[in-house]
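A quick note: this is a predicted structure, and the numbers were derived from the prediction, not measured. By convention here, the first residue in the shown sequence is residue 1.
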Amino acid sequence: MVFLRTSEKAGSCFIRTDQLDGETDWKLRVAVSCTQRLPALGDLFSINAYVYAQKPQLDIHSFEGTFTREDSDPPIHESLSIENTLWASTVVASGTVIGVVIYTGKETRSVMNTSNPKNKVGLLDLELNQLTKALFLALVALSVVMVTLQGFSGPWYRSLFRFLLLFSYIIPISLRVNLDMGKAAYGWMIMKDENIPGTVVRTSTIPEELGRLVYLLTDKTGTLTRNEMVFKRLHLGTVSYGTDTMDEIQNHLVNSYSQTQAQASGNNASSAPPRKAQSSAPKVRKSVSSRVHEAVKAVALCHNVTPVYEARGAAGETEFAEADQDFSDDNRTYQASSPDEVALVQWTESVGLTLVNRDLTSMQLRTPSGQILTYCILQTFPFTSESKRMGVIVRDESTAEITFYMKGADVAMSTVVQYNDWLEEECGNMAREGLRTLVVAKRALTEEQYQDFESRYNQAKLSIHDRTLKVAAVVESLEREMELLCLTGVEDQLQADVRPTLEMLRNAGIKIWMLTGDKLETATCIAKSSHLVSRTQDTHVFRPVTSRGEAHLELNAFRRKHDCALVISGDSLEVCLKYYEHEFVELACQCPAVVCCRCAPTQKAHIVKLLQQHTGRRTCAIGDGGNDVSMIQAADCGIGIEGKEGRQASLAADFSVPQFKHIGRLLMVHGRSSYKRSAALSQFVMHRGLVISTMQAVFSSVFYFASVPLYQGFLMVGYATVYTMFPVFSLVLDQDVKPEMAMLYPELYKDLTKGRSLSCKTFLVWVLISIYQGGILMSGALVLFESEFVHVVAISFTALVLTELLMVALTVRTWHWLMAVAELLSLGCYVASLAFLNKYFDLAFITTVTFVWKVSAITVVSCLPLYVLKYLKRKLSPPSYSKLSS
């Protein structure tokens, strides 16, 4: 809605936008001045006015409109921009507001920036679907061959269907059941892992995806960083103060303020005329004390921070007497549109210069001795991403001096300040420590200079064409030969163990992209300090582009660079994707790291979808705010972090973790083992069906292609359930390397992304094993044929169950006590059930020695060669993990 009126005296209020753009700081919004000036609230209904608004758009950072009041003379026109709006999904943090609603329902920014969730299917499931289709074709082919060999005699189609039913065990129907139970087991193991407490698995379909990720897309604010700013360093050119030497600054301030007070009382400042600006005085090298004083004062004045006092008692209106309000230090909180500014003002408070009050026209500072200094704010120039700096012109009430203070990024400020030899070098040093740097400068103005500036500035503000350019030109006339005061360094604290985690993920062959709504400088800073971009790497900052030609040139410039990280802003990205989607994605995928700043929520989701389409690889998205939900839902695997920005992301994600550092273990250990186990389990279940179908085929071909079942009812049911279910399912406990090893050597993870644990090659190997074993078991039983047919069934079925149990033992890489229990339990079940199955087995024959030796002989022939082959393979071409565990 458009913001018309507020109860705050200043005519502005703060809103929280964390669910829209992921930034936790408060944003200042200003009421339309024409309606704010109305004497009473009810007058809103008696005026005749209209609002013109642009059509609904995705962009949450811009708005254009006009407000026109027709019943006044002349009609009042006011331009509306983003600062006169309150979007849906934002929260009013101070005062009460009244506005006119312009967008509702599907037209609101927050709804336009969300996407519909999709059902996620794991890559493993898709691969298994392909293999199952292949098995189905094999089943049909086998049945047709059998009928052909019969010679199509009689009603052949009836035989065809009988064969289809007899061989139907080729299709692993129990595979889905086993896999789904396996997935549930992995989820349970992840939630029970003591090393990653608080992890929640919210999906039961894709735990294996964690083992196959190639791209990891992460949010910055609140995911990699804690979103807590701390002031770390003040540099004055000759002397630098760190966290351990802040008390010296305090002493300097106390001294310089006690001196100025002594002077003021000496010549009774009130009668003295306002002194002229000091530009005429000869330049004397200033003492360290006065330089510290100047620097701290500049930091305390040049900002957009408002101190907020919580109202005590039940007084809801803010119109009560100032005296009722609690102005004590512990009741004050600072609000600003960027957390860095708050950190700076909190630091000046800690060294003794406190910001106690601020409205649109003045601000008050309290000195260490408790004296209140009042400054009149004449102009403020807000921070924009183009100018990369903000400035303020203030008049000191006691001396009537006018000073222009300015602070900004080193790139923007280095051209504005007087010549010096240390700024660039020190900025580089601080950036390498991962600090965000701001350069602070000032310029003293005479009254005449200021009046001249003000008239030109107001004229520029009223122009209709190229207003922003003209205003910038006027402000630039002031930004010359400014006196460099100091350089400040603020640290955005990283989450615990972000660096080692990112290092580990990089070594595992995962490419990390950082998508953030934050400013370019900040994003680059964090990328360096979190070691997302390693120290030695270059970063290529993609220049802002608006047209096809510019994008083409910039892409060519980027193509010439090798092995460097890419930093690009959301709008440039939009242009590149519009004209050169394929080329851009191809280039970006070759980068070791990519940072996208100023990204809208839908843009994040769009990048995820692009990566999936162009590379066909698995992507994972990590975020913590409402603005990351689209990205989390679009990725193959979404991980939410429970952060300061609420739980929206963690509830929408497939996995929810309390801290970023848990992701390492989640992928390296659980992702790896889930994928490996599921691959082994699924191939084993297929093998189980293929063996029995091969035996049926051999049996039918020996008996003149008769479509007669080899094993009757209960034996077939028992084979797939009681006799082999437990050992086969116990494969979900298998692990090839210990978790500590997997964490220590993340390089092992690279092998998984190639998908070699379950591929056409491994599948064919298992098919060949099944055919060999089925053939041996059946032909062996037929060769050792005794007088009756019953014995063939008894010998072959017993050998089959033993073979399956031995094959599980062959597949297992690390034994777990439950596996042994499962093997023995199944064997026990089978032996016990022999007594009841006298319908199928001749008990007298089973207890003889001949039965035992024949079964043993067949089992040995079917399993021994495989054991030998496995041993030779481990010796001649061992897998990478066995080299580590030996």
Those residues at least two apart in sequence (or on a different chain) that pass salt bridge (charged side-chain N to carboxylate O under 4.0 Å, His left out) with Glu83 are none
Give every residue pair that meets the salt bridge (Lys or Arg N to Asp or Glu O under 4.0 Å) criterion with at least one member in residues 338-361, sequence neighbours excluded. Arg332-Glu349, Asp340-Arg436, Glu341-Lys407
Once salt bridge (Lys or Arg N to Asp or Glu O under 4.0 Å) is applied, what residue pairs with a partner in residues 26-43 remain, sequence neighbours excluded? Asp21-Lys27, Asp25-Lys27
Applying salt bridge (Lys or Arg N to Asp or Glu O under 4.0 Å), which residue pairs with at least one partner in residues 223-244 are found, sequence neighbours left out? Glu228-Lys644, Lys232-Glu491, Arg233-Glu433
Output all residues satisfying side-chain hydrogen bond (donor to acceptor under 3.5 Å, both in side chains) with Tyr375, sequence neighbours left out; order by chain, then residue number. none
Residues in side chain to side chain contact (heavy atoms under 4.5 Å, CB included) with Ser258, at least two apart? none
Does a side-chain N-to-carboxylate-O contact under 4.0 Å join Lys604 and Asp219? yes
Would you call the rings of Tyr450 and Phe453 parallel, tilted or perpendicular, where under 30° means parallel and over 60° means perpendicular? tilted
ring-ring contact (aromatic ring centres under 6.0 Å, His included) partners for Phe231, two or more places apart: Trp347
Glu483: salt bridge (charged side-chain N to carboxylate O under 4.0 Å, His left out) partners, not counting sequence neighbours: Lys286
Less than 4.5 Å apart, any side-chain heavy atom of Leu515 and any of Thr218? no
Residue set satisfying side chain to side chain contact (heavy atoms under 4.5 Å, CB included) with Ser656, at least two apart, ordered chain then number -> Val200, Arg202, Glu642, Ser650
Give, for atom SG of Cys302 and atom CG of Leu344, the distance between the pair rounded to the nearest 0.5 Å. 9.5 Å
Contacts of Phe3 meeting ring-ring contact (aromatic ring centres under 6.0 Å, His included) (sequence neighbours excluded), chain-then-number -> none
Kindly write out the residues that satisfy ring-ring contact (aromatic ring centres under 6.0 Å, His included) with His293, not counting sequence neighbours, or none if the list is empty. Tyr257
Contacts of Pro197 meeting side chain to side chain contact (heavy atoms under 4.5 Å, CB included) (sequence neighbours excluded), chain-then-number -> His662
Ring pair (Phe, Tyr, Trp, His ring centres under 6.0 Å) between Phe404 and Phe381, intermediate numbers included: CA-CA 11 Å; Phe404 172 38; Phe381 313 110; 5.8 Å; yes
